[in-house]
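Report on the following structure.
Start at 1 with the first residue, then count along the sequence. Just so we're clear, the structure is a prediction, and the values are computed from it rather than from any experiment.
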Amino acid sequence: MPKESIRTESVGDRIRKMRKDKNLELSAVAETIGCAPEYLEDIEANKVAPPVGMLIQISRALAVDTAALLAEERRKERHKSYRKRTKSYSYKTLNPGAEDKHLWAYLVTLAPEKDHEMVEFKHEGEEFVHVMEGKAEIQVGDEVNVLKKGQSLHFNSAITHKLRNLSAKETKLLVVVYTP
C-alpha cells in the first residue's frame, strides 16, 4: 500500500488557525504587533516568511507560547543549514532543540550592501549581536551603531531595531536572543 503524502502545517497556517480559534480579527492582531494587515495576511498565506522577531511578536499577540509557533520551523531548520527569511538575509539556528527555552542563538548572514527589506524588529527581551565577518549597521530606536568584525552590541529588543550590511561582501553575525 503506497504511503500517503503528509503535508506539514506551515507557520502561516498555524498563525491563521490560532488567530481564528481565538476569534481575533486579522486587523486587530496586525495593529497589536505593529505591522500592516496586508503583511500579516501575506504571512498567513505563506507568501512571506516572517523573521524570528516578528514570530515572537505574533505569539505574544495571540497569547501562545512562541515555541508552539516555531516548533515546526525549528524542526525543519535541523535538516537545512540555512533558511531564507527575506531577500536580504538568512539564518541558521545554533541551538536546535531549544524550542522551549528563553535563549536562542543564530548565525545570521546578511547579503552584501542590503537592508533588511520590510523588516524592523521589536520583541520582548534582549539581544546580543557580534560581528564575525564584514561590517553592519544596527539601528536601535534613533541610535545608529556601526560595527565591524569583532565588535558587539547588547540592547533591549523591545526597542525597534533593524540591520543593514555596509560591506560589499556577506556579513556574518552571531545573534543571541533572550525572551522572557
Side-chain angles (χ1 to χ4, degrees), residues 6-77 80 82-93 99 104 106-127 129 136-145 155-166 170-171 173 175 177-180:
I6 299 172
R7 182 179 175 266
T8 306
E9 188 177 45
S10 70
V11 70
D13 295 336
R14 282 193 305 283
I15 291 168
R16 183 176 50 256
K17 182 180 184 316
M18 289 175 185
R19 180 181 59 76
K20 287 184 176 186
D21 286 350
K22 293 179 179 285
N23 293 317
L24 296 172
E25 293 293 324
L26 185 135
S27 59
V29 174
E31 184 177 332
T32 300
I33 63 175
C35 76
E38 297 80 12
Y39 182 63
L40 182 56
E41 188 173 38
D42 285 348
I43 291 170
E44 287 187 357
N46 300 302
K47 293 179 182 175
V48 174
V52 173
M54 179 61 70
L55 289 173
I56 292 169
Q57 290 180 74
I58 292 169
S59 69
R60 300 288 192 252
L62 296 176
V64 298
D65 183 12
T66 307
L69 207 52
L70 294 174
E72 182 60 24
E73 292 302 297
R74 289 181 181 240
R75 187 192 64 75
K76 288 178 189 175
E77 286 166 21
K80 291 184 178 182
Y82 286 95
R83 182 167 189 76
K84 208 67 159 162
R85 303 307 288 179
T86 72
K87 293 178 183 174
S88 58
Y89 84 104
S90 61
Y91 76 91
K92 176 182 180 181
T93 301
E99 294 88 5
W104 302 326
Y106 303 95
L107 174 61
V108 175
T109 303
L110 302 171
E113 299 174 338
K114 287 275 191 171
D115 289 342
H116 279 205
E117 298 171 6
M118 304 182 310
V119 177
E120 286 190 357
F121 303 98
K122 181 180 175 184
H123 51 88
E124 193 176 2
E126 298 176 46
E127 201 158 318
V129 179
E137 177 184 280
I138 304 171
Q139 183 174 346
V140 181
D142 294 330
E143 186 178 330
V144 177
N145 304 275
F155 57 92
N156 176 348
S157 54
I159 300 170
T160 301
H161 52 285
K162 59 184 176 179
L163 298 170
R164 185 169 82 147
N165 183 354
L166 299 176
E170 282 186 342
T171 290
L173 309 170
V175 178
V177 178
Y178 169 80
T179 56

* To do: Taking salt bridge (charged side-chain N to carboxylate O under 4.0 Å, His left out) as the test, write out the residues that go with Asp142, two or more places apart.
  => none

* Just grab all the salt bridge (charged side-chain N to carboxylate O under 4.0 Å, His left out) pairs involving residues 43-56, residues at least two apart or on different chains. => Arg19-Glu44

* State which residues pass ring pair (Phe, Tyr, Trp, His ring centres under 6.0 Å) with Tyr178; sequence neighbours excluded, sorted by chain then number. => none

* To do: Would you check if Ile58 and Val64 make a side-chain contact, meaning some heavy-atom pair closer than 4.5 Å?
  => no

* **Residues which pass side chain to side chain contact (heavy atoms under 4.5 Å, CB included) with Thr179, listed by chain and number, not counting sequence neighbours** => Ile56, Arg60, Trp104, His123, Val177

* Asked: Taking side chain as C-beta onward, heavy atoms only, is Phe155 less than 4.5 Å from Asn145?
  -> no

* Min side-chain heavy-atom separation Met54-Tyr39 under 4.5 Å -> yes

* Asked: Leu163 versus Leu173: any side-chain heavy-atom pair under 4.5 Å?
  -> yes

* Structure fact -> So the salt bridge (charged side-chain N to carboxylate O under 4.0 Å, His left out) pairs with at least one residue in residues 22-40 (sequence neighbours excluded) are none

* **Least distance between heavy atoms, Leu40 atom then Ala30 atom** => CD2-N, 3.8 Å

* Asked: Under the side-chain contact (heavy atoms from CB on, under 4.5 Å) criterion, do Ile15 and Val29 qualify, and how do the steps go?
  -> CA-CA 11 Å; Ile15 291 168; Val29 174; over 6 Å; no

* Asked: Who pairs with Lys20 by salt bridge (charged side-chain N to carboxylate O under 4.0 Å, His left out), at least two apart in sequence or on another chain?
  -> none

* Glu170: partners by side chain to side chain contact (heavy atoms under 4.5 Å, CB included), with sequence neighbours left out -> Thr109, Pro112, Lys172

